[in-house]
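As structure tokens, the structure follows; a few thoughts come after it.
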2 protein chains.
Amino acid sequence: MKLRQLRYFVAVARERNFSRAAEILHIAQPPLSRQIQQLEEELGVNLLDRSKRPLSLTEAGRYLYEQSAKMLAKIDHIREQTRRIGRSQRERFIIGCVGSTLYGGIPDLVRRMRVQWPELDIEIREMMSTEQVTALKEGRIDVGFGRVRFNDREVERLTLREERLVVAFPKGHPKSLSKEPIALAELQGEPLIVYPSVPRPSFADEILNLLSELSVTPASVEEVREIQAALGMVAAGVGLCIIPAASQRQRPDDVCYRMIEDEKATSPIIMSFRRVDANGRIDQIKQLIREMYADNPPWLQLSNVRLGAS
Amino acid sequence: MKLRQLRYFVAVARERNFSRAAEILHIAQPPLSRQIQQLEEELGVNLLDRSKRPLSLTEAGRYLYEQSAKMLAKIDHIREQTRRIGRSQRERFIIGCVGSTLYGGIPDLVRRMRVQWPELDIEIREMMSTEQVTALKEGRIDVGFGRVRFNDREVERLTLREERLVVAFPKGHPKSLSKEPIALAELQGEPLIVYPSVPRPSFADEILNLLSELSVTPASVEEVREIQAALGMVAAGVGLCIIPAASQRQRPDDVCYRMIEDEKATSPIIMSFRRVDANGRIDQIKQLIREMYADNPPWLQLSNVRLGAS
DNA sequence: CCCTACTATACCTCCAGGGTATGAAATTCG
DNA sequence: CGAATTTCATACCCTGGAGGTATAGTAGGG
């Protein structure tokens, strides 16, 4: 599959006419026909229904058209961005973080970093904890904020704080009536929903480990891809779900939350960075985080801070 | 820019070594060097710092690596999906809708459609109202649910209901203390945030039109790309924002909402479809929507239903 | 300073992709 | 309904570009 073929196919799909598409592409019609045939052959799929005019797309063709058009636009964007970055010569600093930290300290930290280093282009990429390790080693990100502990020779990690967990109930569930903290033991025999399903190990495994340590066995375990889906299923009454306390602002009108009583029921926020640049900006970031924690922002209420004062 | 070049570049960026990358790609090293050079030349950007070993990526190279790797993975996915769809021969029905309808009737409607047509693969694509018109004409979607009225010869539209609007205040704003409905006139001289910034015309323009009809002029108008960003700025105290009532479940702990008093302060939910297949499944979808409205779900409370009984 | 490892350059070969001519099928119109 | 027209597929040729080999140039380690 080549970009050329996709570009050609998009033109044909848009025009529903080979000859006009060929004109637009500034090539003759026969080579265009051939490229489309080759594409169909490689995929082993008919993309066009040629039996009557105007041409129509098959289901597979419709899908490929839709996706390819999006992708080609994205490639143009990547090309322009690459040129722009190449010209600007500005240094970039990229933060990788799990979604839940965006409800916590990341926005505030980025604000402080922009003040500290106005000449730096700071960007954020949402990614799973596992992905952060390889992204760090490959240089795709410069620091990571995740929830799962990993050991890697090249990557150093630092636990910033331990965030308390809460249980999400569907509105009206008998155990959701009390607002008091709940013991994990009470989840015995309840259907449970965990996330994310890929990649493993993940927050899902931390939760399952926590429960098995306490000998709590759910009636069933359903895995979903992300927290929104998990809370959607909770709201639909499929089961319960355990999430970090800071994420409980979501879906307030059809999901109820109760803090978990057990002291050990926490999930860490872990900062990871390459050992080789441990003494560059990383030290100053640690300092910014200490200052931020010292200001005691609202999302920090439900955490035990680990990062010591300097 | 060819896919081949991007694949090659990703390999080099990953290995930080031309020779090893060439081995992995099963080609000799000189052609690889040449492809990378051509890529750099086309972009007018240095992607690699070759002055010392091991090679390192420039900022532009780092960006291109990160983006290309993602994209190549996506292309593989598209190829496989296209094959799968081609083999399965199942009919697909694709719904395009604006994000806010996902908090409203779309999930319920999809559920009803799956019951009605179990043999159909139903998919959802989030897209702006404007985009729905072209997506319909190009066959990328089969029905659209949006908020902006468009006239197009090939597309028929049907107003399902008019949803009431609410004003979002930062917590603690003096006007947020009352829970009573607020008159739009009270927004005179307040800084306003609207979304989405692109493409126009959009919900942002509907809001601005509504205000100018009532001769209400905000102190300032800030445009942001999406509702999450808008509410983030509201929470940060940058200004106020007008959103559909169904979206007010977001950010309950740092944003307050007040219903708008004015009867005209509504935003429609508009269903669009191709005239040519107006009598296919579309009629049955209208029927399903009527049934759904008849069940009077909670998200419908704040709307005036337009779609008449059959 | 020399050796090793690695990348760039020069030059050759061959095929993929484009062009033209033309046949085959669907559509339109008298 | 049949002729004219439009449109896509097939056959064949030709050129540019992608890959290969040989070798020169350069960085890094002992």
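When reading the values below, keep in mind they use all heavy atoms of this one structure, side chains included, and skip hydrogens, waters and symmetry mates. Residue numbers start from 1 in every chain, and the chains themselves are labelled A, B, ... in the order their sequence lines are given, proteins ahead of strands.
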Identify the two heavy atoms, one from A/Gly96 and one from A/Met127, that lie closest to each other, and give their separation to 0.1 Å. CA-CG, 4.2 Å

Donor-acceptor contact present, side-chain B/Arg306 to main-chain B/Thr159, <3.5 Å: no

Whole-Å distance between D/dG20 C1' and B/His26 NE2? 16 Å

Short side-chain N/O contact to C/dA5 OP1/OP2 from B/Asn17, under 4.0 Å: no

Taking the side chain from A/Arg147 and the backbone from A/Ser129, do they hold a donor-acceptor pair closer than 3.5 Å? no

On the nucleotide D/dG17, are OP1 or OP2 found under 4.0 Å from the side-chain N or O atoms that B/Gln38 carries? no

Whole Å only: how far is the CZ atom of A/Arg20 from the C1' atom of D/dT7? 11 Å

Length of the CD1-P vector between A/Ile27 and C/dG19, whole Å: 6 Å

Is the shortest side-chain N/O distance from B/Arg4 to OP1 or OP2 of D/dG17 below 4.0 Å? no

To the side chain of A/Lys2, which of D/dC8, C/dA10, C/dA16 is closest? C/dA16

Not counting sequence neighbours, which residues clear side-chain hydrogen bond (donor to acceptor under 3.5 Å, both in side chains) with A/Gln116? List them please. A/Gln284

Let me know the distance between CD of B/Glu23 and C1' of D/dG19, rounded to the nearest Å. 16 Å

Looking at the base of C/dG18, is there any donor atom on it, or on the side chain of A/Arg34, that sits under 3.5 Å from an acceptor on the other one? yes

Indicate, with a heavy-atom threshold strictly under 4.0 Å, whether B/Gln35 touches base, sugar-phosphate, or nothing. sugar-phosphate

Does any donor atom in the side chain of B/Gln37 or B/Arg34 lie under 3.5 Å from an acceptor atom in the other side chain? no

Please state whether the phosphate of D/dC8, meaning OP1 or OP2, lies under 4.0 angstrom from any side-chain nitrogen or oxygen of A/Ser33. no

With a 3.5 Å distance limit and no angle check, can you tell me whether A/Arg274 reaches the backbone of A/Leu136 through a side-chain donor-acceptor pair? yes

How many Å lie between CG on B/Leu55 and C1' on D/dG28, as a whole number? 13 Å

For A/Gln37, answer base if it contacts any base atom (sugar-phosphate contacts may also be present), sugar-phosphate if it contacts only those atoms, and nothing otherwise; contact means non-hydrogen atoms under 4.0 Å. sugar-phosphate

When rounded to whole Å, the CD1 to P distance for the pair A/Ile36 and C/dA16 reads 18 Å

Enter the inter-axis angle for the ends of the helix from C/dC1-D/dG30 to C/dG30-D/dC1 (five pairs per end, rounded to 10°). 40°

Using whole Å, what does the distance between atom P of nucleotide C/dG19 and atom CG of A/Leu32 come to? 10 Å

Tell me if a side-chain donor or acceptor on A/Gln132 pairs with a main-chain N or O of A/Phe145 at a distance below 3.5 Å. yes

Scan B/Ser19 against the nucleic acid and name what it touches under 4.0 Å (heavy atoms): base, sugar-phosphate only, or nothing. base

Rounded to the Å, how far apart are A/Gln29 CD and C/dG17 P? 17 Å

